Protein chains: 2
Amino acid sequence: MSGRDYLGEFEHIILLALLRLGERAYGVTVRQEIEQRTQREVSIGAVYATLERLESKGYVRSRRGDPTPERGGRSKRFFHITGTGVEAVDRTQHALRQMTEGLRLARG
Amino acid sequence: MSGRDYLGEFEHIILLALLRLGERAYGVTVRQEIEQRTQREVSIGAVYATLERLESKGYVRSRRGDPTPERGGRSKRFFHITGTGVEAVDRTQHALRQMTEGLRLARG
DNA sequence: TCGTTTCCTCTATATTGTAGAAGTAATGAG
DNA sequence: CTCATTACTTCTACAATATAGAGGAAACGA
């Protein structure tokens, strides 16, 4: 594999959000999911920039949705994680787990 | 707190290594610990640069050790994690945990 | 003293992270 | 049917992290 073979911290979080959201993952929901779960503010620009990078690495793919019948309901760009994306998450989590194994931490 | 209040991926790994190593943490052992546990190659420059950054954030402190009676046994620079460093690890792990909770992943 | 070893510092660059303004496509009000 | 408004995405610019490896410094042993 070329370059790093593990994820940056935010890349990791973004991919986890995609896994959680499944079909309904697009810019806005990804942002929401992260903000709600982690209590951390996320700029929308950060979300898209990261998704873009992940796509160029092949960890994510996107497709255009149809417009929805609601005020401002323009078509969304839906994202989903790929097989190699899952593998990358997997490797990252594994490494982290190896490093934490047996360690006593306040929140595990 | 100023700036990001969570850790970059490698910063995270490095702090976990410090926690594991305790008293015997210095450049070389930190590198070893990570390489052995994660199967990932780590350049020594990366280790020091990161420790340096962590120290400037107050997450780590360092002290000079004494020379040891062995070939090339010059004095080492020992590192240890601080209270706020532990808190940072804690926050990062917590966020990650929130994101993975309930998710079915190969390596969990 | 000098060669060898162990460790650390420095320099330079690539990759990620971050914010927010600006742009685009849709709806609904009037 | 035009326009204000809404939902969403793209762009741009910059800051912070990650990474490699050459080179320098301090110690020992011969």
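To find a chain, count down the sequence lines: A is the first, B the second, and so on, and within it residues start at 1. Scope of the values below: all heavy atoms of this structure, side chains included, with no hydrogens, waters or symmetry mates. Not measured: the values here are computed from a predicted model.
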To the nearest angstrom, the CD1-P distance between Ile34(A) and dG17(C) comes to 11 Å

Please check the phosphate of dT10(D) (OP1 and OP2 only) for any side-chain N or O of Arg77(A) closer than 4.0 Å. yes

Does any N or O in the side chain of Arg37(A) come within less than 3.5 Å of the main-chain N or O of Met99(B), such that one atom is a donor and the other an acceptor? no

Rounded to whole angstrom units, what separation is found between the CG atom of Leu51(A) and the C1' atom of dC11(D)? 16 Å

To the nearest Å, how far apart are Phe79(B) CZ and dC7(C) C1'? 11 Å

Looking at residues 19-30 of chain B, who's got a heavy atom less than 4.0 Å off DNA chain C? Tyr26(B), Gly27(B), Val28(B)

Are Glu35(B) and Gln39(B) close enough that some pair of their side-chain heavy atoms sits under 4.5 Å apart? no

Rounded to whole Å, how long is the line connecting atom CD1 of Ile44(A) with atom C1' of dC8(D)? 8 Å

Ion pair check, Glu11(B) and Arg53(B), cut-off under 4.0 Å: yes

Sort me out a list of protein N/O and nucleotides 15-17 of chain D N/O pairs below 3.5 Å, or just none if empty.
{"residue": "dT17(D)", "atom": "OP1", "partner": "Lys57(B)", "partner atom": "NZ", "Å": "2.8"}

Set out, line by line, the N/O atom pairs under 3.5 Å between protein and nucleotides 27-30 of chain D.
{"residue": "dC28(D)", "atom": "O2", "partner": "Arg71(B)", "partner atom": "NE", "Å": "3.4"}

Under a plain distance cut-off of 3.5 Å, with no hydrogens placed, do His12(B) and Gln93(B) share a side-chain donor-acceptor pair? yes

Smallest heavy-atom separation, Ile34(A) atom then Ala17(A) atom, equals CG1-CB, 4.0 Å

Write down the distance between NZ (Lys76(A)) and C1' (dA26(C)), rounded to a whole number of angstrom. 10 Å

Name the nucleic acid region contacted by Arg31(B), choosing base, sugar-phosphate or nothing; use a 4.0 angstrom heavy-atom cut-off, strictly under. nothing

Closest non-hydrogen atom pair, Ala25(B) against Leu18(B): CB-CD2, 3.7 Å

Checking Thr82(B) side chain against Gly85(B) main chain: does a donor-acceptor pair fall under 3.5 Å? yes

Using 0.5 Å steps for rounding, measure from the CD atom of Glu9(A) to the CD1 atom of Ile14(A). 10.5 Å

Just how far, in rounded Å, is C1' of dG17(C) from CD of Glu41(A)? 15 Å

Measure from CG on Asp66(A) to C1' on dT27(C) and round the result to the nearest Å. 16 Å

Salt-bridge contact Arg63(B)-Glu23(B) (side-chain N to carboxylate O under 4.0 Å): yes

Expressed as a whole number of angstroms, how long is the span from Glu55(B):CD to dT9(C):P? 10 Å

Between Glu33(B) and Arg40(B), does at least one N-O distance fall below 4.0 Å, as a salt bridge requires? no

Can Arg77(A) and Ser62(A) be counted as having a side-chain donor-acceptor contact under 3.5 angstrom? yes

